[in-house]
Number of protein chains: 2
Amino acid sequence: MLHEEVVGRIRDILLDGEITPGARIPERELCERLQISRTPLREALKVLAAERLVLLLPHRGSRAAKLTDKDMRDLFEVCQGLEALAGELACERITDAEMELIATAHAAMVQHYRERDLIQYYRGNRTIHEAIVAAAGNPVLSGLYASVTARIRRARYVTPMTPQRWALAVQEHEAILNALQRRDSTGLSHILRTHLRHKREEVLQAGFADTDNSDLIRESA
Amino acid sequence: MLHEEVVGRIRDILLDGEITPGARIPERELCERLQISRTPLREALKVLAAERLVLLLPHRGSRAAKLTDKDMRDLFEVCQGLEALAGELACERITDAEMELIATAHAAMVQHYRERDLIQYYRGNRTIHEAIVAAAGNPVLSGLYASVTARIRRARYVTPMTPQRWALAVQEHEAILNALQRRDSTGLSHILRTHLRHKREEVLQAGFADTDNSDLIRESA
DNA sequence: ATCGCTAATTTTGCATTCAAAAATGCGAAA
DNA sequence: TTTCGCATTTTTGAATGCAAAATTAGCGAT
């Protein structure tokens, strides 16, 4: 099994919430499950710790990272900034093919909205944002974006969605597509900031992630 | 020796340019030098690979990452975006104490400019940008910023500095301080973007980093 | 002399092993 | 009964050893 595959598998396990945030990561069990020894597993955990998905307590094992309200706010703030930057850059660089792709994805997403299929809607939403980031043509940006969204992912899915907010989000997406097509970078930047500010408010209102990683350190002191 | 210490030591070795970018990392030699065995060393290399400071070629060892012109442009672009975001947030949240600190650092930097002490000027410049990022009160942002700046650091230092550019940079810094003091977030955001665009142009003009990591893969094919 | 092929050497990646630190359990004393 | 202390067990962190892959060296053929 390739090194990256191990990291990917564990990342998926964490993102799927299979290991509760804050819970101890059962080293032995994962070894058996992935059919590897502790050496590559521990290497993978170190990588995931660098990504902030795993918390490493010296001599006290590793735990799945927990996110506080503050962490979530911070992550959304940065995500917002990255998406705005991506939007600006995408306006300068997006190809017709990429534009086409985003338009298609947008249409599909609107369709999911009409059918009130939240899961599919979310999937489409993510596809569009990722496509915009990709269209920015900046791998460094893509990498940071991927790392930030990975950390928010679970929270994003549990966001409660009222009909009003959903309608607003779709409306904002129309505006995003529009600005992109007009290559209006400053306009798009502004919309994206607003768009994500709304998302952020949803999450905070949901009161998700009300605990703190620092317990994990304190609790054993 | 603590795990993080190993990562830190190797990171410093890389940032100091002690291992030429693109050069193979001598596993055995580093083991002797740090007085550790291969296991912790390899774990550290994996972490640094996650930070993109090290490139891991499966079955072909690890090398210090090399940066292409494109990589540099991408890094500066993102750095610019992060600094702009930090500036906006800092306007909302900066404390008087932090403001004071930045003002002091700015004065010191201007003094270094007057004395034409480039090294100290650079140091002061970095201090100010870091202080602005810190004032944004967003640890996620701080983390990403640290990782991006670490990757550009070497390039930043080799930037050739003409008197004109230097004067412009100082002028821009005056504007930054001014906008911060007025808590003018949109104005500051704009200035920071311009400021870093200038820096970026310097670097590109320097023709630094004209090679590509993909050689490292190709060269052994 | 150069190119191609095979064998030896080196290096990488992983499993195993060993030592140290932390968690646990048990018993004694308050 | 509760709490403190000690011994046992478990778990973590690192070193060593081993198998597989890649690099290098040597040899022969053209």
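Below, chains carry the letters A, B, ... as their sequence lines are ordered, and counting in each starts from 1.
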What nucleotide among D:dT23, D:dA14, C:dA22 has an atom nearest to a side-chain atom of B:Arg60? D:dT23

I need the CD-P distance between A:Glu32 and C:dT16, as an integer number of Å. 12 Å

Look at the side chain of A:His59 and decide which nucleotide, out of D:dT11, C:dA22, C:dC14, has an atom nearest to it. C:dA22

Whole angstrom value for the distance that separates C1' of C:dA15 from CZ of A:Arg28: 13 Å

Taking N and O atoms by type only, does the side chain of B:Arg38 place a donor or acceptor under 3.5 Å from a partner on the base of C:dG13? yes

When the distance from CD of A:Glu29 to P of D:dT10 is rounded to whole Å, what number comes out? 17 Å

Under 3.5 Å, is there a donor-acceptor pair linking the side chains of A:Glu98 and A:Thr95? yes

Whole-Å gap separating C1' (C:dA15) and NE2 (A:His3): 17 Å

Phosphate OP1/OP2 of D:dT11: any A:Arg42 side-chain N/O under 4.0 Å: no

What is the distance from CD of B:Glu43 to P of D:dT16, rounded to the nearest Å? 15 Å

Grab the CD-C1' distance between A:Gln35 and C:dA15 for me, whole Å please. 13 Å

Give every residue pair that meets the side chain to side chain donor-acceptor pair (under 3.5 Å) criterion with at least one member in residues 3-15 of chain A, sequence neighbours excluded. A:Arg11-A:Glu51

Salt-bridge test for B:Glu77 and B:Arg73: reply yes if a basic N is under 4.0 Å from a carboxylate O, no otherwise. no

Write down the distance between CG (B:Leu45) and C1' (C:dG13), rounded to a whole number of angstrom. 13 Å

Rounded to whole Å, how long is the line connecting atom CG of B:Leu57 with atom P of C:dT11? 16 Å

Counterpart residues, ring-ring contact (aromatic ring centres under 6.0 Å, His included), relative to B:His173 (two or more places apart): B:His129, B:His195

Let me know, please, whether B:Thr39 or B:Ile25 comes out on the 5' side of the other along DNA chain C by nearest nucleotide. B:Ile25

